[in-house]
Trainee: 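Here it is, the structure in full.
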Amino acid sequence: MAYENPEAERFNALVWEIVRQVPEGKVTTYGFIASMIPPPRGVAANDYARLGPRWVGDAMNAVSGIDEPTVPWHRVINARGGISLPEGSKAARLQRQRLEAEGIVFGPKNTCDLKKVGWEGPDAAWLEARGLLQPQPRKKPDENSGQLPLF
DNA sequence: CGTTTGACTACGC
DNA sequence: CGCGTAGCCAAAC
């Protein structure tokens with residue numbers, strides 16, 4: 001939809017390929033996926049940080065009519081751990097139904113715990129073979145503990 | 001042809 | 001910690 005330019009096709013293809021790697025019972029976020037794809041030519045890194053996730057959402061939307069059976073689109077949710085489809089919509093109910101069928105638990109705010117069910121990403125070799133980047137944690141590292149927070 | 005809107009996020013209050 | 005806002009690109013009105 002949005003982002004119609006010569007690189008759109010490639011971008012969408014990368015998104016779909018990454019989403020295909022998400023295992024059953026795990027979820028990932030739009031921003032997390034975007035962080036693995038290098039910014040297209042002419043897009044500044046700081047702009048891409050905000051544009052990328054939106055484009056990933058657009059790519060998910062495009063799945064509906066193209067590659068629906070092979071792309072587990074339902075495992076892609078927003079950064080808060082919730083479903084981004086219009087609440088009450090048919091698609092939103094389907095997504096939640098599929099996730100719960102895989103064991104994903106939604107709390108009182110209709111969100112799930114990304115620390116628990118968040119996907120850690122493909123291994124380095126898989127990414128490198130496709131010219132992709134290491135997924136970048138959204139939050140800044142905890143300087144005291146020195147641990148990698150992921151989400 | 002100007003406006004509105006969207007499967008987003010970061011940031012400020 | 002919850003809620004509103006800005007920023008950005010295209011497609012749909």
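In what follows, chains are A, B, ... by sequence order, proteins preceding strands, each numbered from 1.
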Trainee: Check whether the side chains of A:Thr28 and A:Arg75 place a donor and an acceptor atom closer than 3.5 Å, and report yes or no.
Mentor: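 Result is no, nothing qualifies.
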Trainee: In whole Å, I'd like the distance from the CE atom of A:Met60 to the C1' atom of B:dG6.
Mentor: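 After rounding, the gap between these two atoms is 15 Å.
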Trainee: Where does the angle between the aromatic ring planes of A:Trp119 and A:Phe32 fall among parallel (under 30°), tilted (30 to 60°) and perpendicular (over 60°)?
Mentor: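 Taking A:Phe32 first and then A:Trp119, their aromatic rings stand perpendicular (interplane angle over 60°).
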Trainee: In whole Å, what is the span from the CG atom of A:Asn78 to the C1' atom of B:dA7?
Mentor: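 Rounded to whole Å, this separation is 9 Å.
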Trainee: A:Leu14 vs A:Leu132, test: side chain to side chain contact (heavy atoms under 4.5 Å, CB included). Steps then yes/no.
Mentor: CA-CA 9 Å; A:Leu14 284 172; A:Leu132 299 177; 4.0 Å; yes
Trainee: Mind listing the closest non-hydrogen atom pair of A:Val43 and A:Pro39 along with its distance?
Mentor: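 In this case the closest contact between A:Val43 and A:Pro39 is O-CB, 3.8 Å.
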Trainee: Starting at atom CD1 of A:Ile83, determine the distance to atom P of B:dC8, rounded to an integer number of angstrom.
Mentor: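 Rounded to the whole Å, the gap is 12 Å.
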Trainee: Of the non-hydrogen atoms in A:Gly52 and A:Ala34, which two are nearest, and what is the gap between them?
Mentor: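 Scanning both residues, the minimum pair turns out to be C-CB, 3.6 Å.
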Trainee: Rounding to a whole Å, what distance do you find between A:Leu99:CG and B:dA7:P?
Mentor: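 Taking atom P of B:dA7 as the reference, CG of A:Leu99 is at 17 Å.
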Trainee: Answer yes if the side chains of A:His74 and A:Glu102 hold a donor-acceptor pair under 3.5 Å, and no otherwise.
Mentor: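 A pair is found: one side chain offers a donor N or O, the other an acceptor, under 3.5 Å apart.
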Trainee: A:Leu114 has an atom CG; how far is it from atom P of B:dC8, in whole Å?
Mentor: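 Atom-to-atom, A:Leu114 to B:dC8, this comes out as 15 Å.
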Trainee: CG of A:Asn12 versus C1' of C:dA10: gap in Å, rounded?
Mentor: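 Spelled out: CG on A:Asn12 to C1' on C:dA10 is 13 Å.
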Trainee: Between C1' on B:dA7 and CZ on A:Arg93, what's the gap in Å once rounded to a whole number?
Mentor: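 Taking CZ of A:Arg93 and C1' of B:dA7, I get 16 Å after rounding.
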Trainee: Any N/O pairs under 3.5 Å between the protein and nucleotides 2-7 of chain C? List them or say none.
Mentor:
from, atom 1, to, atom 2, distance (Å)
C:dG2, OP1, A:Lys109, NZ, 3.4
C:dG7, O4', A:Arg50, NH1, 3.4

Trainee: Specify the separation, in whole Å, of atom CG of A:Asp58 and atom C1' of C:dA12.
Mentor: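 It works out to 13 Å between those atoms.
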Trainee: For nucleotides B:dC8 and C:dC1, find the distance between their P atoms and express it as a whole number of Å.
Mentor: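 These two P atoms come out 23 Å apart once rounded.
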